[in-house]
Structure formats: C-alpha cells, structure tokens
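The block underneath contains the structure these notes are about, expressed in structure tokens.
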Amino acid sequence: MNYPDEITYGNKDHFRLASFSLPSSLLHWSKPPPSRTWTVVMTYQQDYLSPCLYPLSALSDIISTVEFNHTGELLATGDKGGRVVIFQREQESKNQVHRRGEYNVYSTFQSHEPEFDYLKSLEIEEKINKIRWLPQQNAAYFLLSTNDKTVKLWKVSERDKRPEGYNLKDEEGRLRDPATITTLRVPVLRPMDLMVEATPRRVFANAHTYHINSISVNSDYETYMSADDLRINLWNFEITNQSFNIVDIKPANMEELTEVITAAEFHPHHCNTFVYSSSKGTIRLCDMRASALCDRHTKFFEEPEDPSNRSFFSEIISSISDVKFSHSGRCIMTRDYLTVKVWDLNMENRPVETYQVHDYLRSKLCSLYENDCIFDKFECVWNGSDSVIMTGSYNNFFRMFDRNTKRDVTLEASRENSKPRAILKPRKVCVGGKRRKDEISVDSLDFSKKILHTAWHPSENIIAVAATNNLYIFQDKVN
C-alpha cells in the first residue's frame, strides 16, 4: 500500500539512561543448546519518578504496551498518559562495537488525549492499549496506536533540511505585502539539526461501543482489525469513516451475555484467517472467505476442564488474556492466569504444550481475588524461531520456557540488578518448608510489582520488559 506522508514533532529527552552493557548474542541454538545467561543492556526510567514510589499522580507514567518493529531496529512503548516513546538501536561503529545493543530515545509524542463522551457521560482514558508497527516501505516509519475508543496511524520520519527563500514569506514566516515584491527567488534547502517528527496520518474513530483490547495488522498490509469486548471490526488503511464488522457476539438481551472477547490476531501469512480468544478460555479460528460475518468459527480450541479441579475461581483463571500466532503460523500460544499453552492448529481438543507460570499462587487465589490481582492481564511472546516462550509474573519476575529442552527459568527485572553488564541470576520461589538462601518465599512476593508487557526482538535474543514505569532491555549471552 502507499502510506501517507508529512508530520509534526518529537522530543528526545523524556527518558534517562540508567545503565548499559552488550554481550554477544545468537538466535538459533544448536541441539543441545548452550547454557544461556541474560545480561542487562539498558534500563530506562522517567526522570521525575522515584524508582520505588508510585504516587497517584505518577500513574500516567506506567508503561502499558511494548512492541519491536519488524526489523528490531526500533522499539515503541506506550503509557497510561497517552504518550508513545520510540527507541532506536545504536548503530555499530568500529570504535564501539560493544554498543550495538543499546537503544536510545528516538522520538516522543502525545498519541492520545483524555476525552469525554457527553452522550454516555463517560470518560475516555488516554492510556495506550496497543501499538502495532507496519512494515517499512520508505524512509519513514508507520505505526498504529490505540486507546479504548480510537485507533491512530502515525508517521515518524526525519528532517535535516529546511526550505529558505520564500517569495511570499519573510525569514520569520510572516506574509509579505505582494506590492513590495520586486524580484522572484527560487527557494533552497538549507542543512539543519536532525529533527524527528511525528503526525497522525489517519484517525479511525466512532466504531467501538466497548473498550478496544486488540489491534492486528493483516498480512496484506492494506487492512487491520480492532477488537473490543463484543465486536471485531475490519478497517482499510485508506478509509477512516467506515469499517466492516466481522465478529459480533453481543446477544439481543445483555443479561444472556456469558463471555467477552479478550484478544484477537491475524494469521502471519494468510490474510483471510484470524483468531480471537474469550473470557471462557476458548479460542476461535475464523476464515473470512466463508462469510462476511464470521460468527460461525472454522475451528474451536478448548481444553476440557477436570471436574476434580473445579473451584470458585476456575472461570476467572481460565480467561485468556493474550493470544499469539507463532511466526511460522503453525501454532497458537495463549496465556491465562496461571499457565501458557501452545495449540497446534490441527488439534482442537487440547493444547500440545502447557507451561506452569506461577502454580505456587494456586493457594493464594482468595487473597489475589480480594486485591483484584486475579484479573491482571499478562501478555506472552515468542522468540524469533518459536523455540522459546516468555511471559510475566509478580515481584517483577518473568518466565522463559525452552520448548526444545523443556527447561525453564525465572528472572527478575529490578533496579538493584541493572548495573552495567550485570548478569541476571535465576530466581526460585519457595512454597513451603525450609527456604534456601537464594530463594524467596511465596508469602514475600510483592503483587504490586508485576510484568504484564514484554517484547522479543524478531531475529535476535534481545528482550524488552516493562515493569511499572521502567523499561528493561536484556540480551542473551551464550557461554
């Protein structure tokens, strides 16, 4: 598709670099894989926030989404204050080869502002729910960002020249009196300091009654979909005043509502196929070639519940918070409250792999329900070769599962461990009995510190982890 052009502003001093280092990295591991050690590349924190204290006035600075672009050269974050911060990877130089993994602030702009729906007496938050990059077609970059109601297409580009010598304007940009113009000049371009500019090229609004939870760019790169609690809409990038409703699960009587849509994503290669998950723990795969309204799914993925494990919290913890296609398009990964599951598209009755993220919390579900943590929505990501899965947990822990070796590791993203070239040490949670020196008791976990949003570089072992208002970037060091 032909993306629109032109733009308006950027700010490079919104974040502060705290520490950095760069080890070597590899993506494809041989069998058996070498032992892996994760090291700190960089840690970012907004200047005016304390690393430990988060007053109510600072809630707008909490990171709400993280996303690498298709090359991994750019990393975008969105926060609850409606801001988007883009980081650019440091270019390798002969003198500073070790700095190749650093990401520096490239551009900052206000994507969404708080609004008020006067017809419904409803405040619309500026919080950025999702960011999705479009493949680069020219020198500019394009990304989609959304809050609860409105999706925007942004163009981000560089300017290092400015025009001078206008005939109808003076040097300060004011209009001149045509009567005073006696000669005609040819405007010229003069070098200037590099400026990164951003402007919304399209605004897609007024199509969702409920809160948008997902956006996904189609593999045809001409369309994308946006999903809210009850509906999924299909948009064309060139048309802002019309969308096509492709899924609608709203019942005629809202009292009969039994489930809501929690996440949706297009297939990475087939533009007619997409999946969406529900609060009942089910996944539906739909084919847009079958009908214009995909209320009837093509495939239905659900794991039968063990009656012996049924409890008051069963329906809550089975709700799927994230769904992701593998890069190959062969598998689907889902995250519920306690587990990550991998499904083969050819087997609908049960997942082929199930990974326990924090099963030690099963005995804490009552207290997690009382403090609302049981409703937290954790995301999950694949690495570039679909061989490793990453997802977040509490106490600023995040988990990795190697699908080939079946090994897993728990790591911690904390300010205390973010020194230059610091190596992340595996953490263990002690459920009961005698606690070892390097273990942490399950009763000591801090549920206010949680890793909800993570991202993995598309072709290298570089990960980005958002912990409250801190962004951590780690890289794999192969021993």
Side-chain angles (χ1 to χ4, degrees), residues 1-18 20 41-48 60-61 63-93 96 99-113 126 128 130-147 151-164 173 187-203 217 237 455 457-458 462 464 466 469-471 473:
M1 63 173 289
N2 294 321
Y3 298 146
D5 36 63
E6 286 324 332
I7 356 204
T8 73
Y9 66 84
N11 179 0
K12 291 197 173 187
D13 55 9
H14 191 63
F15 278 69
R16 170 170 60 85
L17 170 64
F20 60 87
V41 176
M42 307 188 104
T43 304
Y44 295 90
Q45 180 196 15
Q46 289 174 311
D47 288 337
Y48 42 85
S60 63
D61 304 297
I63 297 173
S64 55
T65 184
V66 183
E67 187 79 7
F68 280 102
N69 74 338
H70 291 74
T71 63
E73 293 301 305
L74 297 181
L75 172 66
T77 67
D79 64 26
K80 289 191 174 182
R83 293 181 296 267
V84 172
V85 181
I86 301 175
F87 300 87
Q88 185 180 47
R89 194 174 186 183
E90 184 79 16
Q91 296 300 312
E92 185 175 351
S93 65
Q96 296 174 317
R99 295 189 58 173
R100 181 69 178 99
E102 285 189 24
Y103 282 80
N104 297 320
V105 176
Y106 180 63
S107 178
T108 302
F109 58 91
Q110 189 72 30
S111 175
H112 288 73
E113 300 281 357
E126 65 270 36
I128 306 298
K130 295 291 179 183
I131 291 175
R132 291 292 180 265
W133 289 92
L134 278 66
Q136 190 175 4
Q137 302 288 328
N138 48 41
Y141 301 98
F142 289 84
L143 62 85
L144 288 171
S145 64
T146 183
N147 66 351
V151 183
K152 295 184 180 181
L153 173 66
W154 289 88
K155 179 185 176 184
V156 181
S157 64
E158 299 177 355
R159 182 192 297 178
D160 59 1
K161 293 180 175 63
R162 67 171 181 269
E164 289 184 359
V188 295
L189 294 175
R190 301 289 187 193
M192 58 176 286
D193 293 337
L194 179 66
M195 179 184 297
V196 181
E197 301 177 313
T199 196
R201 301 306 302 148
R202 300 283 187 269
V203 177
V217 179
F237 281 109
H457 190 287
I462 299 176
N469 70 317
N470 295 296
L471 175 68
I473 301 177

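This one's a predicted model, so the numbers in the text were calculated from it and none came from an experiment.
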Are any non-hydrogen side-chain atoms of Val196 and Ile86 less than 4.5 angstrom apart? no

4.5 Å side-chain heavy-atom contact, Phe87 and Ile473: no

Kindly give the heavy-atom pair with the smallest separation between Val151 and Leu144, and that separation in Å. CG1-CD2, 4.0 Å

Could you tell me which residues satisfy side chain to side chain donor-acceptor pair (under 3.5 Å) with Lys130, sequence neighbours excluded, listed by chain and number? Glu379

Return the minimal non-hydrogen interatomic distance between Trp133 and Glu67, and the atom names on each side. NE1-O, 3.2 Å

Does any part of the side chain of Val217, heavy atoms only, come nearer than 4.5 Å to the side chain of Phe237, both counted from C-beta? yes

Quick one: CG on Asn104 to CD on Glu102, what's the gap to the nearest 0.5 Å? 5.5 Å

Do you know the tightest heavy-atom contact between Trp154 and Ser111? NE1-OG, 3.2 Å

In Å and rounded to the nearest 0.5 Å, what is the NE2 to OG1 distance from His457 to Thr71? 6.5 Å

Distance in Å, Leu74 CG paired with Arg89 CZ, rounded so as to fall on 0.5 Å steps: 11.5 Å

dist Thr43:OG1 -> Asn470:CG (nearest 0.5 Å) comes out at 7.5 Å

Hey, are the side chains of Leu471 and Val85 touching, using non-hydrogen atoms and a 4.5 Å cut-off? no

Just how far is it from atom NZ of Lys80 to atom CD of Glu126, taken to the nearest 0.5 Å? 10.5 Å

Determine the interplanar angle of the Tyr106 and Tyr141 rings, folded into 0 to 90°, and report it as parallel if under 30°, tilted if 30 to 60°, perpendicular if over 60°. perpendicular

Distance col, row Ile128:CD1 vs Thr146:OG1, nearest 0.5 angstrom, shows 8.0 Å

Under a 3.5 Å distance rule, please check whether Gln110 uses its side chain to pair with a backbone N or O of His112 as donor and acceptor. yes

